[in-house]
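The structure appears below as structure tokens.
All values reported here derive from a predicted model rather than from experimental measurement. In what follows, every chain begins at residue 1, and chains take the letters A, B, ... in the order their sequences are listed.
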There are 2 protein chains.
Amino acid sequence: MNVFDAPGITAIGLLYEVHAALSTRFAAQFEEHKLSTVEFEVLTRLARSPQHQLRMTDLAAQTTLSTSGVTRVIDRMERDGLVTRRACPSDRRSSFAVITAAGLQRLNEVLPGHLRIIEEWFTGQLDPESLQALVGALRQVRDAVHPCATAGSDSKCDDETKEPEPAA
Amino acid sequence: MNVFDAPGITAIGLLYEVHAALSTRFAAQFEEHKLSTVEFEVLTRLARSPQHQLRMTDLAAQTTLSTSGVTRVIDRMERDGLVTRRACPSDRRSSFAVITAAGLQRLNEVLPGHLRIIEEWFTGQLDPESLQALVGALRQVRDAVHPCATAGSDSKCDDETKEPEPAA
DNA sequence: CAGCAACTATAGCCAGGTCAATATTCCCCG
DNA sequence: CGGGGAATATTGACCTGGCTATAGTTGCTG
């Protein structure tokens, strides 16, 4: 009966555990600044984008959200003054989400603590070669498993520079 | 501005990416068998428990769910015939969730494919020493970060043999 | 043994997200 | 042109899970 002790299982279990621990730790800090995890991710995505703006669809593609999910998140964040909507001049179907000054400020309030947590809970726990090995192995898996080659994935996944998520 | 290229950030980004890829891949397979991720996890937890049963509270502790969450999941699964409720003879406050024959059968239908995915997407992509390094590094982080020592965590986290999650 | 605090499961309400349907706009091809 | 199909954002219906209140049960303690 103990299929449950297979080597892969324990490795994946660890992966899930670490992911869960980091997620909840991050979320706790975000909450101190009145942000949810997705809101933080939206802010970072916008902050690092060319004009501090991104089309709704692209934002959806860069996060784990669906397009309607993005609509609702942006609704909330607009209500809170963190972002604004802007009509796209070249394509009237599209609209941009733009990060506001308040949004940038909020992000700058959160980031230092975020980085500190990463240092404390993650990088600081590993000697450089362990970290290197970890990154190498993960990259290996990621590349092999890249959504494109498989069924069950509806993401476009063409060239899409899906950068490593900053945190969440 | 580019705080975003810090070494820890890319590592965590990778971790999140791999986790997301595996999760969606698993979920897709579960769905083929009309199961959600949490339902699969409940089935495995029950299947590997002494009498094929677990108190609601313990089930909550072993999963990512709250107790009310467990109540609802068990509601659904009982409706679908995968589990049953059983009164606890020694403590009338408690009740057990028991996996049924149908539940065991469903689990056995899902498991082979689940293991195959793990092999294909994960262990099969890594040479033994990479896998070993990965596990080592993750364990290092996990142990350092174990919920107990930190604020923001309300889990009891006393002795609780929180085994590595089988998959989800 | 009486009362009180802790524990257990559940129900109500809410936040947040997906899916399907819709309206608008764009683009391509006849 | 111009009509049909793809793309885009939004909305409504629904689902899921968390938090909190509630009711029942237990066991300790004075």
Side-chain angles (χ1 to χ4, degrees), chain A residues 20 23-24 27-28 30-31 34-42 46 53-80 82-98 152-158 160 168, chain B residues 20 23-24 27-28 30-31 34-42 53-80 82-98 152-156 158 160 168:
Chain A
S23 290
T24 61
F30 295 151
E31 196 170 2
K34 308 288 179 207
L35 281 181
S36 75
T37 301
V38 286
E39 287 166 351
F40 172 80
E41 191 172 352
V42 166
L46 292 180
Q53 66 183 11
L54 226 40
R55 297 187 327 155
M56 303 294 274
T57 308
D58 298 334
L59 197 47
Q62 289 192 14
T63 61
T64 60
L65 291 175
S66 66
T67 61
S68 47
V70 168
T71 293
R72 306 215 138 101
V73 175
I74 296 297
D75 281 348
R76 295 197 296 272
M77 296 177 74
E78 191 168 29
R79 179 165 39 73
D80 298 347
L82 301 174
V83 302
T84 317
R85 280 182 167 84
R86 193 171 83 76
C88 174
S90 63
D91 185 342
R92 265 186 297 186
R93 294 169 303 178
S94 300
S95 60
F96 287 111
V98 195
S153 165
D154 48 356
S155 67
K156 314 188 189 63
C157 186
D158 25 45
E160 202 190 315
Chain B
S23 290
T24 60
F30 295 151
E31 196 171 3
K34 308 288 180 208
L35 282 181
S36 75
T37 301
V38 285
E39 287 167 351
F40 173 80
E41 191 171 353
V42 166
Q53 66 183 10
L54 228 39
R55 295 187 328 154
M56 302 293 275
T57 307
D58 298 334
L59 198 46
Q62 290 192 14
T63 61
T64 59
L65 291 175
S66 67
T67 61
S68 48
V70 168
T71 293
R72 291 174 222 275
V73 176
I74 297 297
D75 281 348
R76 294 198 295 273
M77 295 177 75
E78 191 168 28
R79 179 163 41 70
D80 297 347
L82 301 174
V83 302
T84 318
R85 279 182 168 85
R86 192 170 83 78
C88 173
S90 63
D91 186 340
R92 264 185 299 186
R93 293 171 301 180
S94 301
S95 60
F96 287 111
V98 195
S153 166
D154 49 355
S155 67
K156 313 187 190 65
D158 24 46
E160 202 189 315

Under the 3.5 Å rule, do the base of D/dA7 and the side chain of A/R93 count as making a donor-acceptor pair? yes
DNA chain C: 5'-proximal contact among A/E39 and B/R55 (nearest heavy atom): B/R55
Return the value, rounded to whole Å, for the distance between atom CG of B/D80 and atom P of D/dT16. 10 Å
For C/dC26 and A/R92 - does any side-chain N or O of the residue sit under 4.0 Å from the phosphate oxygens OP1/OP2? yes
Of the listed nucleotides (D/dG18, C/dA9, C/dG17), which one gets closest to any side-chain atom of A/V38? C/dG17
Nearest 0.5 Å, please: how far is CD1 in A/I74 from CG in A/L46? 6.0 Å
Side chain to side chain donor-acceptor pair (under 3.5 Å) with B/R85: which residues, sequence neighbours excluded? B/D75, B/E78
Euclidean distance, atom CE of residue A/M56 to atom P of C/dT24 [Å, nearest integer]: 18 Å
From CG of A/L35 over to C1' of C/dG16, roughly how many Å is that when rounded to an integer? 15 Å
Check whether any side-chain heavy atom of B/D80 sits under 4.5 Å from a side-chain heavy atom of B/M77, and report yes or no. no
So, OP1 or OP2 of C/dT10: does either fall under 4.0 Å of a side-chain N or O from B/R85? yes
When you measure from the side chain of A/D91 to the backbone of A/R93, do you find a donor-acceptor pair of N or O atoms at a distance under 3.5 Å? yes
For DNA chain C, which residues in residues 66-79 of chain A have a heavy atom at a distance below 4.0 Å? A/S66, A/S68, A/G69, A/R72, A/V73, A/R76
For the pair A/E39 (side chain) and A/S36 (backbone), establish whether a donor and an acceptor sit closer than 3.5 Å, ignoring hydrogens and angles. yes
Could you check if a side-chain atom of B/L59 sits within less than 4.5 angstrom of a side-chain atom of B/V42, using non-hydrogen atoms only? yes
Tell me: CG of A/D91 to P of C/dT25, nearest whole Å? 10 Å
